[in-house]
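Remember, it's a predicted structure, so these values are computed and weren't measured experimentally.
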Amino acid sequence: MYEDVAGVNDIEGFSNMGGLCAVGEDDSLELYVVWAKNSEVTDFIYEKREIKILAPDGVKGEGDKYKSKTVSGWFIKRYSGSSKLVVIPEQINGEPVIGIAEKAFGGFTERVVIPKSVLQIDAGAFTACDKLREVVFFDSLQNVQNSSFPSCVSTIVLNAQRSTIYRGGEGDFTIKYQRARMLADQKKLIVISGSSSLYGLVSDKLEGYLDYEYNVINYGTNAGVCMAFYMEAIMKYMGQGDIVVHAPEYTSGAQWGDNAIVWRHFRGNSQGFDIFREVDMRNFKDFWKAWNDFMTECEGNPGALKTPVPYQTKNSLNKYGDLTSNRPGPKKSIPANPGGHIKNTVLSSASRVNRLHKINDMLKERGATMVLSFGTRDIEFVNAIYRNQATYDSFNKYCADKLDYPVISKIETYLMDHELMWDSEAHCSTAGAEKRTRDLANDLINYFNGIYQ
């Protein structure tokens with residue numbers, strides 16, 4: 001059963017800032033609801049406007065990629081009040097507030113609650129709000145730009161007003177995040193990586209190799225999402241003796257300290273949008289562009305058009321975050337002329353290095369440790385000129401010289417034989433995941449014994 005956490009009926013004059021939850025047939029659930037009193041309608045100047053949005057029940061016009069429909073309602077043109085907290089009403093005179101116009105807000109606004117009726121926010125709508133620090137909005141918003149908001153916003157609260165729309169694999173990243181939260185007071189080891197770890201880790205065996213001293217969390221997700229975001233999101237759940245294994249795929253800048261939010265962050269966390277409020281968003285860029293892409297593009301599968309699915313139904317991940325499907329052997333053919341490289345460039349950007357060092361410092365303040373390992377790669381997809389010990393040694397030394405946390409692994413260990421891979425150059429077969437797990441355990445044990453670069 002799905003219920004709005006505020007109940008079926010909204011309270012007149014207040015905005016419901018809750019989300020959605022699932023309740024079993026025989027279970028009860030105690031709900032804590034957050035309400036915010038609407039700002040006075042007289043504090044707003046507004047006008048009627050029609051806009052086009054994506055909609056499953058819309059009409060696909062000539063030349064249109066997706067179905068769309070036209071909706072009409074109020075656009076906020078100007079806020080003239082003096083409150084630091086502005087709660088935009090969902091309706092004015094019985095009609096919905098569907099948008100916020102350019103230059104609508106400015107001055108001393110510090111917090112704004114945008115109702116679920118709002119579908120579009122124009123460029124420059126909040127740019128003049130140089131004191132704005134918190135934005136609350138809902139997953140009904142479709143059209144928005146980076147330039148709609150200033151860079152000073154530190155907290156973004158994304159609330160759900162419909163059921164989750166992704167599940168399985170990357171779409172169940174919330175399993176990993178919730179495990180980190182539940183283990184906040186227990187000793188843990190978190191492997192933060194791309195899909196090379198999603199497909200390439202057997203966490204219960206890693207726990208055994210390490211004598212069950214650590215609770216393992218497989219934080220592997222898509223290689224295109226920035227790992228720095230996930231590192232910061234878990235920070236307050238880290239404690240004394242915890243370990244973060246930073247295991248990037250060496251071809252992906254997103255895993256080496258880049259800070260751009262992309263639409264995949266929302267697909268992976270569609271069952272747990274609360275992860276975004278854990279992070280100081282001033283440290284990251286492109287949040288609003290990424291949300292717009294998620295809702296209107298998303299690789300031909302826009303979030304706005306996705307059919308909601310039951311929350312936390314059976315999926316392909318176990319409790320650790322490992323992909324559990326049987327992967328018997330390689331499905332991808334070896335290329336005739338592989339173009340893969342191993343170059344000493346992944347940390348050439350000072351901003352990447354500084355970002356990783358800042359995260360390492362944050363972990364150390366909490367008594368935790370970060371170490372560097374590597375994601376897996378099919379060696380047959382690496383150009384032959386790079387498959388030599390001199391290249392491997394140079395790359396390993398390059399990483400050790402650039403980073404101020406220990407490099408416990410060697411890149412050559414994770415260049416896997418083709419027979420141990422599955423459907424891409426980064427995804428292990430079941431046997432490959434077993435080998436990678438043993439190799440990582442050996443690297444960790446050597447590190448504990450003081451044997452590393």
Item checked: D139/Q161 under side-chain contact (heavy atoms from CB on, under 4.5 Å): CA gap, chis, key distance, verdict -> CA-CA 6 Å; D139 61 352; Q161 54 81 44; 3.0 Å; yes
Distance only, no hydrogens: is a donor on one side chain within 3.5 Å (strictly under) of an acceptor on the other, for [X] and [Y]?
{"X": "Q142", "Y": "N292", "value": "no"}
{"X": "N388", "Y": "T391", "value": "yes"}
{"X": "S203", "Y": "D322", "value": "yes"}
{"X": "E412", "Y": "N396", "value": "yes"}
{"X": "N146", "Y": "D286", "value": "yes"}
{"X": "T174", "Y": "N269", "value": "no"}
{"X": "H341", "Y": "N383", "value": "no"}
{"X": "T164", "Y": "S270", "value": "yes"}

Flag, side chain of [X] to backbone of [Y], donor-acceptor distance under 3.5 Å:
{"X": "D417", "Y": "L420", "value": "no"}
{"X": "S196", "Y": "A426", "value": "no"}
{"X": "T430", "Y": "P328", "value": "no"}
{"X": "K410", "Y": "Y392", "value": "no"}
{"X": "S154", "Y": "R133", "value": "yes"}
{"X": "R327", "Y": "Y199", "value": "yes"}
{"X": "E207", "Y": "V216", "value": "yes"}
{"X": "T109", "Y": "K131", "value": "no"}
{"X": "R366", "Y": "M235", "value": "yes"}
{"X": "T437", "Y": "V202", "value": "yes"}

Kindly check if the number of other-residue, nucleotide or ligand heavy atoms within 6.0 Å of [atom1] ([X]) is above 12?
{"X": "N449", "atom1": "CG", "value": "yes"}
{"X": "K306", "atom1": "NZ", "value": "yes"}
{"X": "K205", "atom1": "NZ", "value": "no"}
{"X": "K84", "atom1": "NZ", "value": "no"}

Nearest-0.5 Å distance that lies between atom [atom1] in [X] and atom [atom2] in [Y]:
{"X": "F273", "Y": "L158", "atom1": "CZ", "atom2": "CG", "value": "5.0 Å"}
{"X": "M416", "Y": "T413", "atom1": "CE", "atom2": "OG1", "value": "10.0 Å"}
{"X": "L201", "Y": "S193", "atom1": "CG", "atom2": "OG", "value": "8.5 Å"}
{"X": "L372", "Y": "I408", "atom1": "CG", "atom2": "CD1", "value": "8.0 Å"}
{"X": "I359", "Y": "M227", "atom1": "CD1", "atom2": "CE", "value": "10.5 Å"}
{"X": "R111", "Y": "S83", "atom1": "CZ", "atom2": "OG", "value": "9.5 Å"}

Shortest non-hydrogen contact from [X] to [Y]?
{"X": "Y177", "Y": "A233", "answer": "CE1-O, 4.3 Å"}
{"X": "S148", "Y": "I121", "answer": "OG-O, 3.3 Å"}
{"X": "L132", "Y": "P150", "answer": "CD2-CD, 4.1 Å"}
{"X": "E419", "Y": "S429", "answer": "O-OG, 4.1 Å"}
{"X": "S373", "Y": "P248", "answer": "O-CD, 3.6 Å"}
{"X": "L305", "Y": "P56", "answer": "CD2-N, 3.6 Å"}

Are any non-hydrogen side-chain atoms of [X] and [Y] less than 4.5 angstrom apart?
{"X": "Y414", "Y": "S409", "answer": "yes"}
{"X": "S197", "Y": "R436", "answer": "yes"}
{"X": "L403", "Y": "L347", "answer": "yes"}
{"X": "N301", "Y": "Y166", "answer": "yes"}
{"X": "N259", "Y": "N283", "answer": "no"}
{"X": "E380", "Y": "R387", "answer": "yes"}
{"X": "V245", "Y": "L444", "answer": "yes"}
{"X": "M295", "Y": "L54", "answer": "no"}

Notebook entry, point to check: Does the ring center of H265 lie less than 6.0 Å from the ring center of F173?
Noted result: no
Next item on the list: Apply side-chain contact (heavy atoms from CB on, under 4.5 Å) to N143 and L119, showing your working.
Entry: CA-CA 6 Å; N143 300 310; L119 304 169; 6.0 Å; no
Notebook entry, point to check: Is it true that E425 and R377 make a salt bridge, defined as a side-chain N closer than 4.0 Å to a carboxylate O?
Noted result: yes
Notebook entry, point to check: Quick one: do K289 and D293 make a salt bridge, cutoff under 4.0 Å?
Noted result: yes
Next item on the list: Run the numbers on Y452 and V371 for side-chain contact (heavy atoms from CB on, under 4.5 Å), then give the verdict.
Entry: CA-CA 10 Å; Y452 61 97; V371 298; over 6 Å; no
Next item on the list: Under the side-chain contact (heavy atoms from CB on, under 4.5 Å) rule, what do F276 and V157 come out as? Steps first, then yes or no, please.
Entry: CA-CA 7 Å; F276 294 100; V157 179; over 6 Å; no
Notebook entry, point to check: What residue among W263, F266, F229 forms ring-ring contact (aromatic ring centres under 6.0 Å, His included) with F287?
Noted result: F266
Next item on the list: Give me the one residue out of W291, F105, W288 that meets ring-ring contact (aromatic ring centres under 6.0 Å, His included) with F149.
Entry: W288
Item checked: Pairwise side-chain hydrogen bond (donor to acceptor under 3.5 Å, both in side chains) hits with a residue in residues 237-247, at least two apart -> R181-Y237, K188-D242, Y237-E278, H246-Y405
Notebook entry, point to check: Using the ring of each side chain (for Trp, its six-membered ring), is Y214 parallel, tilted or perpendicular to F448, with breaks at 30° and 60°?
Noted result: parallel
